[in-house]
Visitor: 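The structure that follows is given in the form of structure tokens.
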Amino acid sequence: MKRLFGMIWVLGALALLAAPLVSTPAYAQKTKVGFVYVGPIGDHGWSYQHHQGLLELKKAFGDKVETTHVENVSEGPDAERVIQQLAQAGHNIIFTTSFGYMNPTLKVAKRFPNVKFEHSTGFKRSKNVSTYNIRFYEGRYVAGIVAGKMSKSNTIGYIASFPIPEVVMGINAAYLGAKSVNPDVKFKIVWVSTWFDPGKEADAAKALSDQGADVLFQHTDSPAAMKLAEQKNISAIGQASDMKAFGPNAQLTALVNNWGPYYVSRVKAAMDGSWKSTDTWGGIGQNMLNIAAWGSKVPADVAKLAEKARDDIASGKLHPFTGPLKKQDGSDFLKAGEVISDKDLSGMNFYVQGIDGKLPK
Amino acid sequence: MDLFVNILLGISIAATPLVFAAIGELVVEKSGVLNLGVEGMMIIGAISGFAVTIETGSFILGILASIVAGALMAFLFGVLTQSLLANQVATGLALTMFGLGLAALIGQDYSGKSTGDFPKLDIPFISDLPIVGPLIFGQDYLLYLSIILVVAVIWFFNKTRAGLIIRAIGENHDAAHTIGYPVVLYRYYALLFGGACAGLGGAYLSLVQTPIWVENMTAGRGWIALALVVFAAWRPGRALLGAYLFGGITILQLHSQGFGINIEPQILAMLPYLATIVVLVLISRDKTKVRLNAPASLAKSFYAST
């Protein structure tokens with residue numbers, strides 16, 4: 001018993017010593033920025049790119065910001081706890097960077113009306129919760145053009161994660177891009193029901209390659225598919241970040257998420273008091289999505305074709321989803337010349353005409 | 001026909017990490033110790049094997065490193081649970097978390113790097129035969145090792161004195177101790193073997209299956225291996241069967257999607273788990289036999305009170 005009291009005393013003393021470190025009143029002028037990542041920074045994909053944004057933030061503001069990031073936070077009750085802790089620890093603005101953090105973010109935001117929250121890829125907002133996302137489909141359309149031109153077997157493999165609008169619009173955009181330059185192109189789509197499982201992603205890539213696909217797309221987070229493409233001597237499109245290191249010959253191009261500029265502008269707004277709850281959906285034109293340098297295999301004429309599409313999308317001259325466009329079942333979706341609305345796009349739950357296979361529910 | 005061979009090759013690649021991890025854990029549990037840290041030992045094996053292969057350029061050294069690293073993790077577990085008598089369940093969970101974190105730390109400088117292709121068995125003429133050539137005589141060396149290990153464990157438990165002693169300790173450590181067997185020492189041996197196997201399983205993932213290093217790349221395979229041991233009713237042959245069944249359904253469902261067979265992917269993703277559970281429940285439905293196979297002293301601490 002005596003020992004127990006002793007331990008409590010020591011712990012209490014330690015807590016007292018540590019307390020000033022936690023509250024840090026001396027740094028009160030600093031803006032504290034929190035980040036919550038769903039994966040490890042070392043995933044070389046989704047979370048890695050968000051962390052690049054954090055580093056840009058540090059570079060832009062130096063001593064004026066203090067950043068905290070928490071990795072590997074699973075979507076669910078754990079997320080709420082982490083977000084709550086960040087808010088309690090005095091963070092002024094918190095970025096939650098995965099779709100599944102939507103409800104936890106809103107819940108915590110209600111309890112901390114003075115803290116600003118930014119939720120990535122979600123659609124629910126409130127007075128102190130903004131949402132932001134990238135128009136990934138723009139890049140997939142451009143990559144689709146390259147893939148359609150480069151495929152010799154006219155079979156493109158697509159490793160998909162979950163049948164949510166974000167993924168479905170990516171498949172459709174890539175298909176429309178490929179189809180626009182190669183009328184014979186076919187898509188083989190494999191759903192792996194995970195965002196991150198390098199072993200399974202490699203298995204799926206191998207299955208697709210065994211079935212004759214010679215260009216691979218992926219909507220999962222690890223570079224395993226790119227590595228397999230390199231081994232099998234076929235091609236692939238990098239996802240979320242430049243994956244050239246894993247496929248020096250295989251990578252045709254990569255869609256590189258560029259969160260940095262957005263983070264800088266939002267933190268700046270939080271500093272000068274101009275922050276308001278907004279909904280941002282930026283693409284190539286807003287410099288939120290970059291297309292990585294063309295791979296060595298891509299010939300100049302293909303690169304030129306893709307660059308034109310990229311620039312036209314950036315300037316607003318071209319939208320990947322422009323009519324005439326039919327759904328998979330043959331029903332009309334867009335009239336000739338009609339451009340899809342953002343609402344239809346963000347709720348997309350069907351394949352466009354020409355894609356084989358049934359879209360899972 | 002090529003596709004058929006490729007599918008079978010895919011299955012064996014997906015199954016092998018599970019075979020390694022499951023056979024190791026099976027021996028550990030047979031000795032009466034429950035080590036839930038398989039995932040942690042696997043990931044440490046994955047990064048150690050990968051890092052040493054990159055640094056030295058030698059796959060053999062890489063594999064050895066993964067064996068040693070996995071065994072070291074298991075040794076740590078042994079010190080805590082066998083010598084210091086910590087709770088095995090809690091220590092195992094801690095070992096997994098520790099392993100994932102430590103591997104991420106070691107692996108910081110290794111993401112984005114690549115090893116070459118892992119060497120495969122290549123016998124002139126025989127490896128070029130149709131179907132049996134690539135399947136039976138043309139796989140990577142580690143795959144053969146995994147099969148040999150399973151056979152060796154069956155032989156060890158049924159034909160050797162040491163195997164019998166380990167089983168006896170797992171059934172009733174007090175009785176074994178009374179007869180004069182060094183319970184703790186044998187459990188250390190079993191643990192080290194289990195750790196080495198888990199390390200190998202991890203190295204298979206980072207050197208053969210993917211072959212890259214990314215954080216958390218084991219993605220739950222350690223837990224699947226643990227489940228396989230229970231469902232296999234602690235019988236090595238069935239653990240092998242379970243691992244191949246699991247890998248087989250995983251690969252088949254990926255291929256079936258490529259062929260355009262319309263089944264919901266959620267159901268397909270569930271199938272490997274479901275099929276493995278159903279089959280292993282069916283073959284082990286004799287309750288008495290299962291109870292006889294389950295080590296009676298599993299997860300109990302042993303303390304010699306003299």
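Just so it is clear: chains get the letters A, B, ... in the order the sequence lines come, proteins before strands, and each one is counted from 1.
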Visitor: What part of A:F187 gets closer than 4.5 Å to chain B, counting heavy atoms only: side chain, backbone, both or neither?
Guide: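 No part of it gets close to chain B.
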Visitor: Side chains of A:D203 and B:Q209: donor-acceptor distance under 3.5 Å anywhere?
Guide: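 There is such a pair (donor and acceptor under 3.5 Å, judged by atom type) between the side chains of A:D203 and B:Q209.
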Visitor: Looking only at non-hydrogen atoms, find the nearest pair between A:K227 and B:T115 and report the distance.
Guide: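 Here A:K227 and B:T115 meet closest at NZ-O, 3.7 Å.
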Visitor: Let me confirm one number: the CD-OH distance from B:E215 to A:Y48, rounded to the nearest 0.5 Å.
Guide: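 These two atoms lie 12.5 Å from each other.
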Visitor: Based on non-hydrogen pairs under 4.5 Å, which of B:G10, B:P17, B:P211, B:G220 is most in contact with chain A?
Guide: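 Of the options given, most contacts go to B:P211.
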Visitor: Would you find more than 12 non-hydrogen atoms of other residues, nucleotides or ligands less than 6.0 Å from A:N233 atom CG?
Guide: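 No - once you tally the heavy atoms of other residues, nucleotides and ligands closer than 6.0 Å, there are 12 at most.
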Visitor: Is it the side chain or the backbone of A:K358 that comes within 4.5 Å of chain B heavy atoms, both, or neither?
Guide: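 Both parts, backbone and side chain.
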Visitor: Can you see which heavy atom on A:G199 is nearest to which on B:R221, and at what distance?
Guide: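 That closest heavy-atom pairing would be CA-NH2, 3.5 Å.
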Visitor: Can you see whether A:K200 engages B:T250 through a side-chain donor-acceptor pair at a distance of less than 3.5 angstrom?
Guide: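 The criterion, which ignores hydrogens and geometry beyond distance, is not satisfied for B:T250 and A:K200.
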Visitor: Using non-hydrogen atoms and a 4.5 Å limit, figure out which bit of A:A207 sits close to chain B: side chain, backbone, both or neither.
Guide: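 Both parts, backbone and side chain.
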Visitor: Given a strict heavy-atom distance threshold of 4.5 Å, which part of B:Q253 is in contact with chain A: side chain, backbone, both, or neither?
Guide: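 Only the side chain of B:Q253 comes within 4.5 Å of chain A.
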Visitor: Answer yes or no: is there a side-chain heavy-atom contact under 4.5 Å between B:Q266 and A:P163?
Guide: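 Yes, their side chains come closer than 4.5 Å.
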Visitor: Quick check: closest heavy atoms across A:N72 and B:N216, and the distance to 0.1 Å?
Guide: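 Here A:N72 and B:N216 meet closest at OD1-ND2, 3.1 Å.
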Visitor: Of all of A:G357, A:A204, A:A205, which one pairs up most often with chain B through heavy atoms under 4.5 Å apart?
Guide: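 Result: the option with the highest number of such pairs is A:A204.
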Visitor: Can you tell which of A:T155, A:I41, A:D210, A:L208 has the highest number of heavy-atom pairs within less than 4.5 Å of chain B?
Guide: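 Heavy-atom pairs under 4.5 Å are most numerous for A:D210.
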Visitor: Which answer fits A:D356, side chain, backbone, both or neither, if we ask what part of it has an atom under 4.5 Å from a heavy atom of chain B?
Guide: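 Looking at A:D356, nothing touches chain B.
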Visitor: Output the option from A:I189, A:D197, A:T194 having the highest count of non-hydrogen pairs under 4.5 Å with chain B.
Guide: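 Ranked by contacts with chain B, first place is A:D197.
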Visitor: Please identify, among B:L268, B:T218, B:V214, the residue contributing the most non-hydrogen atom pairs under 4.5 Å to chain A.
Guide: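 Most heavy-atom pairs within the cutoff with chain A belong to B:V214.
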Visitor: Which pair of heavy atoms, one from B:G258 and one from A:V190, lies closest together, and at what distance?
Guide: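 Heavy atoms only, the tightest pair is N-CG2, 4.0 Å.
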Visitor: Verify side chain to side chain contact (heavy atoms under 4.5 Å, CB included) between B:I13 and A:K206, making sure each step is shown before the conclusion.
Guide: CA-CA 11 Å; B:I13 291 173; A:K206 187 172 179 306; 4.2 Å; yes
Visitor: Of all heavy-atom pairs between B:S114 and A:A245, which one has the smallest distance, and what is that distance?
Guide: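 Result for this residue pair: OG-O, 3.9 Å.
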Visitor: Where does A:E201 contact chain B at under 4.5 Å (heavy atoms): side chain, backbone, both or neither?
Guide: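 When you check distances to chain B, no heavy atom of A:E201 falls under 4.5 Å.
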Visitor: Evaluate whether atom CG of B:L85 has more than 12 neighbouring non-hydrogen atoms of other residues, nucleotides or ligands under 6.0 angstrom away.
Guide: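 Atom CG in B:L85 is crowded, with more than 12 foreign heavy atoms closer than 6.0 Å.
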Visitor: Looking at B:Y141, I want to see if its OH is surrounded by more than 12 non-hydrogen atoms of other residues, nucleotides or ligands under 6.0 Å.
Guide: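 Counting neighbours around OH of B:Y141, more than 12 heavy atoms of other residues, nucleotides or ligands fall under 6.0 Å, so yes.
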Visitor: So, does A:Q211 use its side chain to make a donor-acceptor pair with the main chain of B:H255 at under 3.5 Å?
Guide: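 Judged by distance alone, yes, a pair lies under 3.5 Å.
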Visitor: Does B:Q257 use its side chain to pair, donor to acceptor, with the backbone of A:W191 at less than 3.5 Å?
Guide: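 At least one qualifying donor-acceptor pair exists.
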